[in-house]
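Worksheet: the structure to be examined is printed underneath.
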2 protein chains.
Amino acid sequence: MLIRRLGEPYAGQFAIPGGFVLHDESLPVAAARELVEETGYRAKYLEQLYTFGDPDRDPRGRVVTVAYFALVPEDQALAAGSDAGEVKWFPMSNLPPLAFDHAEILRVAHDRLKAKLDYSEVGFNLLPAEFSLSDLQEVHETILGHPIDPRNFRRKLDSRGLVKETDHYRYTGRKPARLYTFAGVNPSAE
Amino acid sequence: MLIRRLGEPYAGQFAIPGGFVLHDESLPVAAARELVEETGYRAKYLEQLYTFGDPDRDPRGRVVTVAYFALVPEDQALAAGSDAGEVKWFPMSNLPPLAFDHAEILRVAHDRLKAKLDYSEVGFNLLPAEFSLSDLQEVHETILGHPIDPRNFRRKLDSRGLVKETDHYRYTGRKPARLYTFAGVNPSAE
DNA sequence: ACAAAAGTGTTCCATATACACCCATGT
DNA sequence: ACATGGGTGTATATGGAACACTTTTGT
């Protein structure tokens, strides 16, 4: 999710939402605050990504960016009343030109997310509380960029006890999909 | 490797070497420079670890620390003429009380090193150019904190083609150990 | 001869991968 | 009835873990 920059430098280009840390604020709190202010979205998962500090990465002068990445469920609608300008979602495979070194930051974030996906439980943060196994599989396929065999995927899920079935179904005109919830503890971080 | 602090706060306590980034200096260059200045050691491997930014982690005021971890081969002797005060090595299992949140930083560094050890090749950065397989195994055992079976260890090494044998041996009064070199590309980073 | 570290194979188990068909529903 | 996405089992390959003895040297 990117925002279109209003001021210079890089006015009119897309950039990762962000801003300056307040004097008595921790880094993750600052990241979450800037995200809400600029986009209206609340981060469900927030993890420190990497710190970018090359002296010339910002034409205005020396700026060190402690980048965080946030995950937000699909159904988490844009809150009203944000002071955001244009906020837009892009697939990683089709990004617009980005301000500063933000393309590099996104690349690092995508790599990290792919790496974490199968040894941690971050994927659940991209889904609503109840979801079908196909939903979850689709999230994984989207992030990893390749198809997954549904039998293997489901086997892994229940060998790790990651999901709990509910007795709810989603009726979408075809065979109804059983809905599941995340079986672990609170999937958030930071 | 820790240094004893001279000034306040935490005067006399041990701390991770470090200091402030110069205005036109990149973060890894600053980390390497501070390490040399304060300890005389040159980092053979340097990797960004994590950024610590809690508002109250330094009693003097808001200080954000971008922590790096460095690996140094055993045989890399302390350079003469460093302006260091007391520099001392400690086993992770027996650390002295540390200044600031440095105990936490070391914990994170140790975890990261353990995690990287078997999917990357960082271990070689702790050894001289030629080493015996027992040396390498000992490095791994020390970092991981548990013994490793030598047959499994060697099998893994050559299934991954990580080492090249030389025709040198080390004669130490027992059966001589064949010496190996790292077979990968330059093991450094950053 | 013996002490000490170097070096060497096989078995077993767990996990990952490849692969194709039936099921339940709405229209 | 059929189209659509939901749901299921088996066989094979691969990597990790457990396990003990022989070899070579200096003393």
Side-chain angles (χ1 to χ4, degrees), chain A residues 74-75 114-121 123-124 127-184, chain B residues 74-75 114-124 127-128 130-184:
Chain A
E74 295 183 60
D75 65 344
K114 280 188 280 189
K116 291 200 80 146
L117 199 57
D118 70 316
Y119 70 83
S120 83
E121 299 157 0
F124 298 102
L127 290 170
E130 299 199 332
F131 49 84
S132 72
L133 296 185
S134 307
D135 292 340
L136 183 57
Q137 181 175 337
E138 195 185 328
V139 163
H140 282 240
E141 288 175 336
T142 298
I143 293 171
L144 297 176
H146 63 76
I148 303 172
D149 181 279
R151 289 163 292 192
N152 295 339
F153 184 69
R154 284 156 194 254
R155 178 171 31 255
K156 186 188 276 190
L157 283 177
D158 66 52
S159 82
R160 303 199 185 165
L162 289 181
V163 295
K164 260 198 309 261
E165 39 172 63
T166 67
D167 49 1
H168 304 160
Y169 290 84
R170 183 197 300 147
Y171 300 90
T172 58
R174 305 297 165 220
K175 175 171 180 177
R178 183 184 279 275
L179 297 180
Y180 291 77
T181 58
F182 175 56
Chain B
E74 293 183 61
D75 65 342
K114 279 188 281 190
K116 291 201 80 148
L117 199 58
D118 70 315
Y119 70 83
S120 83
E121 300 158 358
V122 290
F124 297 103
L127 290 170
E130 298 199 332
F131 49 85
S132 72
L133 296 186
S134 307
D135 292 341
L136 184 56
Q137 181 174 338
E138 194 185 329
V139 164
H140 282 240
E141 288 175 335
T142 299
I143 293 170
L144 297 176
H146 62 78
I148 302 172
D149 181 277
R151 289 163 292 193
N152 294 338
F153 184 70
R154 284 157 195 252
R155 179 173 29 258
K156 186 189 276 192
L157 283 177
D158 67 50
S159 82
R160 303 198 183 165
L162 289 181
V163 295
K164 261 198 308 262
E165 39 171 63
T166 67
D167 50 359
H168 304 160
Y169 291 83
R170 183 196 301 146
Y171 300 89
T172 58
R174 305 296 166 222
K175 177 171 178 177
R178 170 166 241 135
L179 297 179
Y180 291 77
T181 58
F182 176 56

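What you see is a predicted model; the values in this text were computed from it and never measured. To find a chain, count down the sequence lines: A is the first, B the second, and so on, and within it residues start at 1.
- Of the two residues contacting DNA chain C, namely A/Lys175 and B/Lys175, the nearest-nucleotide position lying further toward the 5' end is that of B/Lys175.
- When side chains are defined from C-beta on, B/Asp135 does not count as touching B/Tyr180, because their heavy atoms never get closer than 4.5 Å.
- Counting non-hydrogen atoms under 4.0 angstrom, B/Arg170 reaches nothing in the nucleic acid.
- With contacts defined as side-chain heavy-atom distances shorter than 4.5 Å, the pair B/Pro147/B/Gln137 does not qualify.
- If you find the closest nucleotide of DNA chain D to A/Pro150 and to B/Ser159, the one lying nearer the 5' end belongs to A/Pro150.
- Note: B/Phe124 and B/Phe131 have tilted aromatic rings, judged against thresholds of 30 and 60 degrees for the angle between ring planes.
- Rounded to whole angstrom, the span from the CZ atom of A/Arg155 across to the C1' atom of D/dA11 amounts to 11 Å.
- Counting heavy atoms from C-beta outward, A/Ser132 and A/His168 have side chains that stay 4.5 Å or more apart.
- Within the 4.0 angstrom heavy-atom criterion, base atoms lie near A/Arg154.
- A/Val163 is not listed as a side-chain neighbour of A/Asp158, based on a closest heavy-atom distance of 4.5 Å or more.
- In terms of polar N and O atoms assigned as donor or acceptor, the side chain of A/Arg151 comes within less than 3.5 Å of the base of C/dA20 in a complementary pairing.
- For the pair A/Phe153 CZ and C/dA16 P, the computed distance is 13 Å after rounding to whole Å.
- With rounding to whole Å, A/Tyr169 atom OH is found 14 Å from D/dG6 atom P.
- Of the residues near DNA chain D, A/Asn152 and A/Arg174, the one whose nearest nucleotide (by heavy atom distance) lies more toward the 5' end is A/Arg174.
- Taking atom CD1 of residue B/Ile148 and atom C1' of nucleotide D/dG16, one finds them 13 Å apart after rounding to whole Å.
- To the nearest angstrom, P of C/dA16 lies 13 Å from CG of A/Asp158.
- Between A/Ser134 and the phosphate of D/dG5, there is no side-chain N or O to OP1/OP2 separation shorter than 4.0 Å.
- Note: OH (A/Tyr171) to C1' (D/dG6) measures 13 Å, nearest angstrom.
- In this structure, B/Arg178 atom CZ and D/dT23 atom P are separated by 18 Å, rounded to whole Å.
- The nearest whole Å value for the distance from the CG atom in B/Asp149 to the C1' atom in C/dG7 is 12 Å.
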